[in-house]
Amino acid sequence: MHLFQTKVDLKKKSISFGLFIAVFLFWQSCTGQAAAVVFMNDRHITNNTGYMLLNWQNKELTPVELQQAARYSFDNPITLYKGKNSSFMLSGLADGTYYYRIRAHQKQPGTWSDTVRLDVAHYSLARVWLLFIAGALVFLSVAWVIFRGAADES
Amino acid sequence: MNHDAIFLSPSLGWFLLVIISVIWIALGTYWGRKNKQFEQHALAGRNVGLTLASATAVATWITSNTTMLAPQFALQMGIWGMLAYSTAAFGLFLFAPMAKRIRALMPHGYTSGDFIRLRYGKKAWGIFLLFTLFYSLAWLVSMAMAGGILLNALSGIPYEYGMSILLLVCVIYTMRGGLYAVIGTDFIQSLIILAGIVIVGFAVLNHVSIETIHTNLAAEKPMLLNIMFPVAIMVVFNNLLFGLGEVFHNNIWWSRAFAFREGVGQKAFLIAGFIWLPIPVAAGFIALASGALNVAVPSADMVGPLVVANVLGTAGAVAIFIVVFCSLASSIDSLLAATSDLITEDIYRKIVYPKASSEQLKKAAQIVTLLLGLVAWLVCLPRIGTLATVLFFAGPLVGSMIWPIITGLYWKHATSSGAICGMLLGSALGLLAYFQIGWYIATLVSAVASMACVIFFAYCYPDSYDWHRLKEQQA
């Protein structure tokens, strides 16, 4: 009798567990809860050009939402992109720190990814203008050699 | 591949690809029918008139880089980036007087390698061949690879098929028609490219005003409007010098200087420079409008096609497909022809088989064209996406050749030691800068070092070169 009762309990538990799994899967498919999207970039990036490519894994072409913010807490975030791509080109960024996060964006939004921090610090202008002047001198010298030579030739 | 990048159905893409391929092969074969001797094959009989000469110079210089990389420069570096890219026109402007000089000094010359060998001797010639072949192959491979990737992104045609067909078409008509075919197809291709860019520019302006673009950029990408954008300022002269190095040393341009009718070269390169100058600005402007048009850019080199497709829909996508194919084909065919002539003349005739007849040389040039196509195809097949970097990697090499070439043409006292030292030290320091700082400074460093070497040897150990040696040995 006791053994029989135990078997019945086990059977009931199995059915309950199976039902739970089925309901969970059904709920998942109804809500469209998606797997987390993961950035492929480093979590902390330093940059001196003001442009870079953000990448994330998205072979299944899942719709995603990409946000940018000036603070880690993502107060007043800006949505940069909503769509099925797996990368986004950032450019024209001024000196400063920027934070990025991404999530799947189906019927039910997924959880936010880890945050990527981007520190932009452009080259110093003194160094840049020095190179600019060096370039200008080389170019003017090349032009001088050619035009002087052409004048002598004629 | 990014979802937003496909604009045309694969069936429409295949239809366009087949139609364009058949047209180019037919035209190339037709134009190349009078091509019997090596001189006709390699230099179109040295009798190309002003219109075709200007068109081929423009078309060759409008590569996929111009239609794709100019918008990328604008997207990454703003107004300065657009201007920096357009400075490549100075390569054509400054080559104009050089073309006249080349034609006068070497009326029977074939290649830029001929000049280096006769002017500086065999050591300098060896280094030059190594550098120029590396650069030419890197450019050829990056172009074919870009073709496969772009056709795939535009229409979903598998990369392997798009890249193979593009290469095959160019190899067939270049083999059959030589420079006649290249120049003829270049003429049509340049008209298509110019019309495409003008139409797209006006279409973008009809969709969004300059004020809206400016407001959007000021809010979202402020550095693109900033006159003090550091990396963009650095790029200006680096890009200009890269362009000078490419044009001054490469046989694509020298073969044209030899092929254009006497008195045509200088005018043709000047006209080509003026036609080419505004193209990167127009192409770059398209990229600056991307934010105002709400076009998300998944990778910098796709900004041009994305904006065009957004503005013009399917018609725009068809137009960009044709323009991309034309800009790729016009450069691949020129590279195939010029590089095969360089190998045939400088290696086959000068080293392997000096007694080769004109017919044998033509045959050899055709076989080399086929082999070049095959090598490029094999390298492209695995789709290593980093070969655009290899092209930038060639920047120090081409930058180091500017001074040996110009002083070799105009200074009697320029020396072989200066040229060799300039090429080796310039490229070594340029490559060091490439790895230590970045691509945007490598060519400048290389050109500065090369200039210092060439000037040092020319003034401390001057030569006294007899210009007639160039003519006598060629005659």
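Please read these numbers as outputs of a predicted model, since none were measured by experiment. In the text below, chain A, chain B and the rest are named by the order of the sequence lines, each starting its count at 1.
- Considering B/Lys221, B/Met77, B/Glu220, B/Met223 in turn, B/Lys221 is the only one that fulfils the side-chain contact (heavy atoms from CB on, under 4.5 Å) rule with A/Ser91.
- Interface remark: B/Ile441 contributes side-chain atoms only to the contact with chain A (heavy atom separation under 4.5 Å).
- Among A/Gln68, A/Met52, A/Lys59, A/His122, the residue making the largest number of heavy-atom pairs under 4.5 Å with chain B is A/His122.
- Between A/Tyr81 and B/Ala296, the shortest heavy-atom contact is CD1-CB, 3.3 Å.
- For chain A, the nearby part of B/Leu240 is the side chain; its heavy atoms alone come within less than 4.5 Å.
- Heavy atoms of B/Leu244 lying under 4.5 Å from chain A belong exclusively to its side chain.
- With a threshold of 4.5 angstrom between heavy atoms, B/Val236 approaches chain A through side-chain atoms but not through N, CA, C or O.
- Proximity to chain A is limited to the side chain of B/Ala104, based on heavy atoms less than 4.5 angstrom apart.
- If you measure heavy-atom distances from B/Ile233 to chain A, the contacts under 4.5 Å come from both the backbone and the side chain.
- Heavy-atom distances place both the backbone and the side chain of B/Leu75 under 4.5 Å from chain A.
- Residues B/Gln72 and A/Tyr51 have side chains not in contact (no heavy-atom distance under 4.5 Å, counting atoms from C-beta outward).
- Side-chain contact between B/Trp411 and A/Val145 is present, with heavy atoms from C-beta onward closer than 4.5 Å.
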